[in-house]
Structures are given as structure tokens and as C-alpha cells.
Amino acid sequence: MLNYSSKELEKQWQQYWAKDRSFEPSEDFTKPKKYILSMFPFPSGRLHMGHVRNYTLSDAFARYYRQQGFNVLHPIGFDSFGMPAENAAIKNGSHPKKWTYDNIDYMKGEFKSLGFSFSKERELATSDELYTKFEQAFIIDMYEKGLLYRKKGFLNWCPSCHTVLANEQVIDGSCWRCDSDVVKKDMNQYYFKITKYGDELLSDLSKLEGGWPKQVLTMQENWIDKSNGLEFKLAFDETSLDKLNSKFDGFSVFTTRPDTIYGVSYAALAPEHEIVSYMIENLLLDKETIEKIKEMKNASSIDRQKEKSGVALNLHVLHPLTNKPVSIWVANFVLMDYGSGAVMAVPAHDERDFDFAKKYDLPVKGVIKPFGGEFSADKPFTDVGELFDSEMFNGLNSKEAQAKIIEYFEDKKIGKKTTNFKLKDWGVSRQRYWGAPIPFVHCHDCGIVMEKKENLPIALPEDIQITGEGNPLDHHPSWKHCKCPKCGIDALRETDTMDTFVESSWYFLRFCASPKNWGKEAFSKEQIRYWMSVDHYIGGIEHAILHLLYARFFTKVFRDLGYLEFDEPFEKLLTQGMVLKDGAKMSKSKGNTVDPDAIIEKYGADTARLFILFAAPPTQELEWNDNAVDGAYKFIKRFYERSVNVCKTDKIPALEHSKLTKEEKFARKKVYEALVRAEDVYREKYTFNTMIAGVMEAMNALNLQSNSDVWSEGYWILTSIMEPVIPHTCWEISSQKFSFKNLAPQRVVDEVFVENVLTLGVSINGKARVEIEVSPDAANDVIIAMAKESALKWLEGKTIIKEIVVPKKLVNLVIKD
RNA sequence: GCGGAUGUGGUGAAAUUGGUAUACACGCCAGACUUAGGAUCUGGUGUCGCAAGACGUGGAAGUUCGAGUCUUCUCAUCCGCACCA
């Protein structure tokens with residue numbers, strides 16, 4: 001009698017794997033490879049069930065491909081810069097570095113106790129100085145290429161985190177991390193020129209089709225949101241020019257509907273537009289108007305969306321085609337950071353322009369009517385239609401007119417075809433301590449100067465005061481004082497640090513580098529060529545835009561810098577569902593968390609892993625169920641204890657199928673069915689739940705017979721299938737019984753699927769009625785005759801009008817009265 | 001509003017891709033063994049019905065010999081984006 005004791009058994013194998021260095025990738029680049037990557041964690045302190053699910057999935061892939069003979073890279077690291085470390089410092093006085101690395105140590109222990117087959121030697125933390133060193137070098141390269149620049153802008157500022165946020169980090173007008181209302185602030189900051197890659201980031205999404213979930217592709221597409229249209233200038237009339245002291249001769253606008261241009265009845269500027277600012281500064285507007293504009297500017301983005309409002313500026317531009325005067329307004333629905341911050345307004349054919357016009361009683365001039373219908377000024381007509389009141393363009397349909405009008409503007413050199421993206425440049429400076437310093441120096445004479453690469457890394461000082469007020473680097477007595485790398489005079493270091501999403505934008509490349517060269521280079525082209533791209537990338541859907549977009553951007557930049565030779569980093573993306581308890585996402589505030597350590601303590605790692613993979617397919621939400629966890633434990637226990645029926649052997653037993661009993665044949669069939677299913681699951685479906693169900697069925701079938709060769713063959717295969725899921729138990733069985741020989745590719749034996757009797761369903765008018773047993777080579781007319789005989793009771797007094805035989809499945813008889 | 005998904009027993013979920021709906025597991029019911037246990041084993045378990053049988057994959061229609069699966073419409077839930085000119 002065997003006794004399953006998860007604790008001893010698991011510990012023993014974890015020690016074996018550590019000692020044996022079982023999971024280190026080989027440096028032999030002639031072998032076929034698989035790069036299996038799960039999104040690395042922030043070292044928050046302890047793993048939660050979402051992590052466990054994530055790494056259980058990647059581990060299953062990694063172990064499967066190792067069995068199949070691939071050279072597998074399955075690394076892990078820690079995305080270890082970031083605000084929670086600093087917040088912990090503010091709260092309880094610990095140093096962010098200590099807090100971070102203590103957490104990392106603890107979490108590494110958890111990885112081990114879960115039996116994850118990560119490469120130990122390639123573990124890294126992005127806050128390691130060696131990592132910062134190469135990152136800063138890349139930043140310098142990007143600056144030299146003009147892909148990083150500094151400018152003043154209206155930035156998203158989180159008053160609670162005391163730092164700026166990228167557009168991607170503002171969710172519904174709130175901070176993605178702490179949920180505070182984000183305000184706009186006017187300040188200097190560094191930007192990555194991600195918009196330069198807007199077109200490619202969009203068009204290359206098609207290369208990912210099939211490999212990435214559709215949802216993620218759509219989300220990225222919507223985020224980048226490209227639109228084509230016409231950009232042209234609206235010029236002020238004489239009176240307005242005078243009013244503005246000839247400081248501005250006009251402003252440019254962008255439209256995707258040039259076909260509606262004859263319907264322009266006013267134009268509107270964003271409250272932040274430079275012309276508006278000029279008028280306010282020079283008191284060209286009355287006090288009341290200025291107040292209203294200030295109100296618009298200060299409104300939160302949510303308030304700003306509630307109701308349209310605006311004020312007239314008493315300025316006019318001339319319509320570019322008709323030369324008629326058009327009044328200028330400031331409107332809250334015009335956004336400064338899209339297009340040029342100004343729009344031509346066509347209330348007759350645009351919902352927003354219409355609402356605004358109604359409120360301020362502005363003219364509505366229709367120029368497009370439905371085909372075969374008339375324009376009505378009651379509501380905007382936004383569909384495709386036929387142009388009228390549009391001079392030489394009358395009668396065209398609006399689609400054709402768009403192209404013709406753009407052409408006309410280009411001919412006359414008064415406008416041009418333009419593409420606009422909703423995607424903005426990525427603002428990366430953060431006014432916080434625990435991040436990678438931006439490696440630039442401000443010199444009075446030379447301006448912004450790059451640090452010399454040999455001086456990298458620019459490391460963080462450790463003796464800092466973290467109070468939560470202001471930027472600790474800025475307040476440090478000596479750190480920022482330095483010499484200008486160019487001219488040598490006294491200068492100041494940049495005290496902003498980088499957004500932590502910069503680190504996660506290239507960590508998957510760093511993993512490709514052999515650790516023995518980590519000090520010398522970030523990675524080599526040869527290593528990258530071999531390991532990339534990532535074959536399976538597994539993580540949460542919450543990174544659909546942020547991390548995955550930035551990582552794609554960096555890949556393209558690195559390609560253009562000559563560091564690599566491909567366009568997309570992640571071949572296949574698997575986005576796992578959330579882990580729920582009582583129908584809600586597990587969270588500390590709701591008090592519905594399940595601690596992985598407690599589950600391991602009670603049942604062992606294999607139970608946790610089995611439950612997680614069995615309870616739901618990976619992309620779906622997973623509802624935690626204590627009873628079902630118990631069930632998973634019982635299965636493993638049975639699986640282990642019944643291995644007493646298996647004979648020790650180092651090759652798969654040869655069985656003479658025809659001599660076996662019915663039960664023995666059935667057991668073999670179930671075992672090989674499970675194998676076929678497993679191959680399918682790993683190759684394309686990833687529905688581990690059905691694979692495990694198959695193994696359970698096979699176990700149930702094995703139990704119905706007692707032939708020890710059938711047991712041995714069954715376990716030879718089942719332990720191989722299950723090793724990626726419950727590795728400890730399977731290594732134990734495999735070492736006891738098979739000297740590990742079965743942890744290798746398995747061959748499907750077809751003879752077990754050959755039946756000497758087929759059971760067919762007989763249905764009448766598509767309705768299942770009885771079953772008949774026929775020989776596999778029975779002719780259709782014999783089958784039909786048998787079917788009729790078996791179904792006599794339903795056929796009495798009816799006429800059969802059609803007979804259908806579906807081979808190996810069923811017979812359908814169609815009857816009528 | 002736009003976009004993406006999902007909807008099957010008491011529960012988590014299967015269904016070889018148009019061929020006998022509910023595999024596997026949890027739960028529940030009954031029984032066996034008991035050194036009484038939240039262990040193990042055996043059997044049962046979609047709904048209605050004594051039964052024969054009828055009904056049954058959110059709802060309605062359609063295509064088909066045959067639909068959970070395909071088509072159209074519709075309802076509900078979840079997620080993402082949202083004044084983008």
C-alpha cells in the first residue's frame with residue numbers, strides 16, 4: 001500500500017531539480033527551441049492565485065516541450081521598479097530597495113514550492129543596476145535617433161501619486177493605479193515617439209491574427225485609431241487680424257469629412273489653443289468670457305463630457321472655397337491633443353457640431369441629402385448621400401466627393417491629405433525615486449546632454465529621504481550635481497526617472513542573453529536570432545494595451561537600431577481569465593482571497609496546479625471552489641496509490657490487443673484517447689480541462705480491469721501526459737517504475753481504436769430511438785435492414801421516404817403517415 | 001453610441017467541428033464497510049410523468065433527413081473604448 005504524502009514527495013523533487021539544474025536552457029543553438037514566457041510579476045510581497053494560474057500555464061507548456069525534446073527557455077524575473085515600493089517606504093519607513101529585494105526572495109521561495117520549471121540562472125530583477133545600465137544605453141540610442149525628445153505639454157498628473165501618467169495609464173479620467181482624479185498640468189517631460197510607428201503598429205496587427213486573441217487586436221486597433229482626412233488652414237479676415245495684432249494669420253483644422261465643407265457654419269478652438277491663450281494673456285476678451293474659458297479648462301475630463309458649452313471670440317475666418325466669413329468659437333468638446341486642436345463645424349452633418357449649434361443658435365446648412373430624398377434640418381444627416389449646394393461638386397456621392405475635394409485642395413495648395421492617430425507619444429518621465437534614472441544632464445551652456453555610455457549605469461543613491469512630498473532625487477543633497485559630459489562645467493542631472501513600462505518593454509530580450517555575458521552586453525544578435533520570437537506568451541488581459549503595445553514598439557525600434565531582425569516579439573499570446581471567489585475577483589479589500597501558500601501547505605503544489613487547469617479553460621474566468629480542490633487532491637492520491645498495479649519497466653509493454661478482454665481493450669482505448677486529446681490540447685486548443693478529463697476517464701477504465709501490462713502501459717502514457725500538470729507526482733511514479741524513460745514523446749497505437757462491433761444510433765425523423773450493433777464492414781443495406789427491424793414499433797403504419805446512414809455514427813429513417 | 005465576447009443540469013464545464021446533448025468533476029441521494037470519519041468503495045442523479053413517452057442548450061424564426069453547432073432577428077450579462085473632428 002502506497003501512501004501519498006504531498007509534502008515530502010514535492011520537497012524531494014524540488015531539491016532534485018535544483019541540484020540537477022534540470023531547467024536550464026542549453027546553449028546549443030542547433031537544437032529546435034521553444035521560448036515559453038509568462039508575464040513577470042511585480043514583487044508585491046506574495047503570489048496571488050492569478051500568478052499561480054499564469055505560471056502553472058506556462059510551466060505546463062515548458063514541461064511539455066521539454067518532454068518533446070525541445071530546448072526550452074522558460075525564464076522568470078521581477079518587474080521590480082515602481083511606486084508600491086516607494087509607497088511602502090512612506091508608510092512604514094522601509095527602504096524601497098530592501099522592501100523590493102526582500103519580497104523577491106520570498107516570492108522565489110514560492111515559485112520553488114509550486115514546482116515551476118523556471119531557469120534559475122536567468123532570474124533577474126529590473127531594478128538590478130546591470131539592467132538599468134543597458135536600459136540607459138538604449139535610451140541614449142533612442143535619443144540620438146530622435147525617438148526620445150523633451151517638450152513642454154499638458155500632462156496627466158496624478159495628485160496622489162505625485163507624478164505624471166501616460167495616456168494609456170489614465171482610465172476613465174482616473175489614475176490606473178490609485179484611482180484618483182487625474183488633473184492636467186503644464187510641464188516639461190520626455191516622450192518616446194511612438195506615433196512614428198503608429199502606422200506599422202496598426203498594420204502589423206494583421207501578422208498577429210490567429211496567434212493573438214481577437215479582442216486584444218481590436219483593442220490595440222481602437223487605441224491607435226487611425227483616420228484619414230484633409231488638413232487645411234482657415235485664414236482670418238482683416239478685422240480679426242487687426243484684433244490679434246497680426247500675431248496669427250489663421251489656424252489649421254483637420255476633417256475626415258471634406259465632402260461636407262460647404263456646410264461649414266462656424267469653427268471652434270479648444271480652450272487650450274494658443275490663439276485663445278494669447279487673447280487671454282493680452283486681455284483681448286472681456287472678463288466674463290475669460291472666466292468661462294478658464295472654467296472649461298479646469299473641468300475634469302468627465303465633467304467636460306457632460307454638456308457642450310462654449311463662447312464666441314468675435315473673430316472670423318474666411319471659408320477657403322466660398323470666401324464667406326465664418327465665426328470662431330471656443331468649445332469644450334474640442335480637444336487640444338487631437339489633430340490641431342481646432343475644428344471646422346458642420347452642424348448639418350455632425351452630431352456634436354449640431355448639438356453645439358442648437359445650444360447657441362448657430363446656422364445649420366445642409367449640403368448632403370439622402371439618395372433620392374431631401375435634407376432635413378431637424379437632425380444631422382451623417383450617412384453617405386448626394387452633395388448639393390456645393391458648387392462644382394454637386395451631385396457627387398459623398399464618398400467620391402471626399403477624394404475630389406482633397407484633390408482640389410492639394411491642386412490649389414490650400415490643404416493636404418493627412419492621417420491622424422488617436423495614439424499619442426508616450427510620456428515617460430516620472431517624478432519618483434524608485435525607477436531607472438533618465439541618463440541626461442542639464443548644462444547651462446550645452447542644454448540637454450546625454451551621459452557617456454562608459455559612465456552607465458547612473459545608479460540611484462541609497463541614502464534618501466522618502467516623505468511622499470516631491471521627488472526624493474531632486475531633494476537629495478548631492479546626487480544631481482555633476483559635470484557636463486560635454487564641456488565639463490558644473491551641471492545638473494535629470495532627476496526624473498523612467499516609467500516602469502520601459503523595463504517591461506525589453507525584458508524578454510534580456511532573457512535570451514546567456515547569464516555569463518550579462519555584464520558585457522544586454523544580449524547578442526545571435527542569441528536573439530535563436531530564441532526569439534516568444535512562442536507562447538501568457539498573461540492577463542489587463543496588459544492588452546499598455547505593456548503589449550509598448551513591447552511591440554520597442555521591438556520595432558530595436559530592429560531599426562540594428563539589434564534584431566524581426567517585427568513582432570510575441571508569436572502566440574494566451575490571455576488568461578481572472579480567478580474569482582464567490583463570483584468576484586479575488587481582492588484583499590473584498591476579503592475573498594485564497595492564499596496559495598495555505599493551499600500548498602494543506603494539499604501540495606500538484607493539487608493547486610491540477611485544480612487550476614481542470615476547473616476551467618485558461619481564457620475563461622476561474623471560480624475558486626474548495627470542494628473541487630479537495631476533489632483534485634483525491635484524484636492525485638488515487639493516481640499515486642494505484643500505481644502499485646504497475647510493473648517496473650524501462651520500456652512500454654508490448655500487448656497483443658486481440659487477446660485482451662473487453663475491459664482491457666476498453667482501458668487501452670481510453671488511455672490512447674487521452675493521449676490523442678493531449679496532443680491536440682498542447683498544439684492548439686490549450687483546453688487542459690478536457691485533457692485532464694480524458695486522463696480521469698482513462699483511470700476509471702483502467703480500474704475496471706486487472707491486467708498488469710495494461711496498467712503499466714496506461715501509466716507509462718498517463719504519467720507522461722500529466723507530468724506538465726502534476727510534475728512532482730509524475731516524477732515520483734516515473735522514477736519508481738519507468739526510470740524516467742516515459743517522459744518522452746509517445747506514439748499513438750491505432751489498433752486500440754479498431755472495433756469489431758460498432759454501435760450505431762437509430763433515429764426516426766432525427767429523433768434518437770434505439771441502438772443497434774453491426775459489424776464494421778457491414779453494407780449500408782444490411783445496416784438499414786437491421787435499423788428497420790429494431791425500430792419496428794415506430795414504423796408501423798408509416799411510409800419510409802428516406803434512409804440515411806452516417807458511417808460509424810447513426811442511421812436516420814425519415815417517415816410519414 | 002462603437003467594438004469584442006459569453007449564454008448548455010443544482011455548480012464548474014464537455015460535445016470528435018452539422019450526426020445518439022450534458023463527457024469529466026463538484027454537489028446531492030441511496031447503499032456497503034466500519035477502529036464513526038469531512039475516510040474508502042458501489043450505485044443513482046436534466047425536467048415533467050406511475051409508465052409509455054413528451055420536453056430540453058437565453059428567446060423567436062429559418063436552412064437541413066438531422067442544429068448547442070450554420071443564417072437572420074431578439075433578449076440578457078461581462079469586458080474594452082468613448083465628444084478623436
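Please read these numbers as outputs of a predicted model, since none were measured by experiment. Labels below follow one simple rule: chain letters A, B, ... track the order of the sequence lines, proteins then strands, and each chain is numbered from 1.
B/U69 makes up no base pair with any nucleotide shown, lacking Watson-Crick or G-U wobble contacts both under 3.5 Å. Nucleotide B/A30 forms a Watson-Crick or G-U wobble pair with B/U42, both donor-acceptor distances falling under 3.5 Å. Across every strand in view, B/U47 sits in a pair with B/A54 that passes the Watson-Crick or G-U test at under 3.5 angstrom. Using the Watson-Crick or G-U wobble rule with both distances under 3.5 Å, B/U22 pairs with nothing in any strand shown. If you check B/C81 for Watson-Crick or wobble pairing at under 3.5 angstrom, you find it paired to B/G1.
A sub-4.0 Å separation between OP1 or OP2 of B/C84 and a side-chain N or O of A/Arg352 is present. Within the 4.0 Å cut-off from OP1 or OP2 of B/A39, not a single side-chain nitrogen or oxygen of A/Arg638 is found. For the pair A/Ser227 and B/A85, the criterion of a side-chain N or O lying under 4.0 Å from OP1 or OP2 is met.
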Query raised in the report: What one-letter contact string describes nucleotides 9-22 of chain B from 5' to 3', where B marks a base within less than 4.0 Å of any protein heavy atom, S marks contact via sugar-phosphate atoms alone, and - marks no contact?
Result: ---BSSS---BB--
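The side chain of A/Lys767 has B/C55 as its nearest neighbour among B/A85, B/C55, B/A25. Taking every side-chain heavy atom of A/Lys214 into account, B/A5 is the closest of B/A5, B/C79, B/A25. Residue A/Thr255 places its side chain closer to B/A85 than to any other of B/C84, B/A85, B/C79. Comparing B/G53, B/A82, B/G3 against the side chain of A/Lys793 picks out B/G53 as the nearest.
A/Met578 has its CE atom 13 Å from the C1' atom of B/G80, to the nearest Å. A/Arg642 places its CZ atom 9 Å from the C1' atom of B/C41, with the value rounded to the nearest Å. For the pair A/Phe635 CZ and B/A25 P, the interatomic distance rounds to 9 Å; values are reported in whole Å. The distance from atom NZ of A/Lys634 to atom C1' of B/C41 is 12 Å, rounded to the nearest whole Å.
Using a 3.5 Å distance cut-off with no hydrogens or angles, the side chains of A/Thr195 and A/Asp425 do pair a donor with an acceptor. Side-chain contact annotation: A/Tyr338 with A/Ser227, donor-acceptor N/O pair under 3.5 Å present. A/Trp624 and A/Asp626 share a side-chain donor-acceptor pair at under 3.5 Å. Judged by distance alone, the side chains of A/Thr759 and A/Glu771 never bring a donor and an acceptor atom under 3.5 Å apart.
Residue contacts shown for A/Val343 include a base, since a base heavy atom lies under 4.0 Å away.
A/Asp303 and A/Lys306 are joined by a salt bridge, as a carboxylate oxygen and a charged side-chain nitrogen come within less than 4.0 angstrom of each other.
Side-chain atoms of A/Asn645 come within 3.5 Å of backbone atoms of A/Arg642 as a donor-acceptor pair (strictly under, hydrogens ignored).
Residues A/Leu321 and A/Ile261 come closest through the heavy atom pair CD1-CG2, 3.8 Å.
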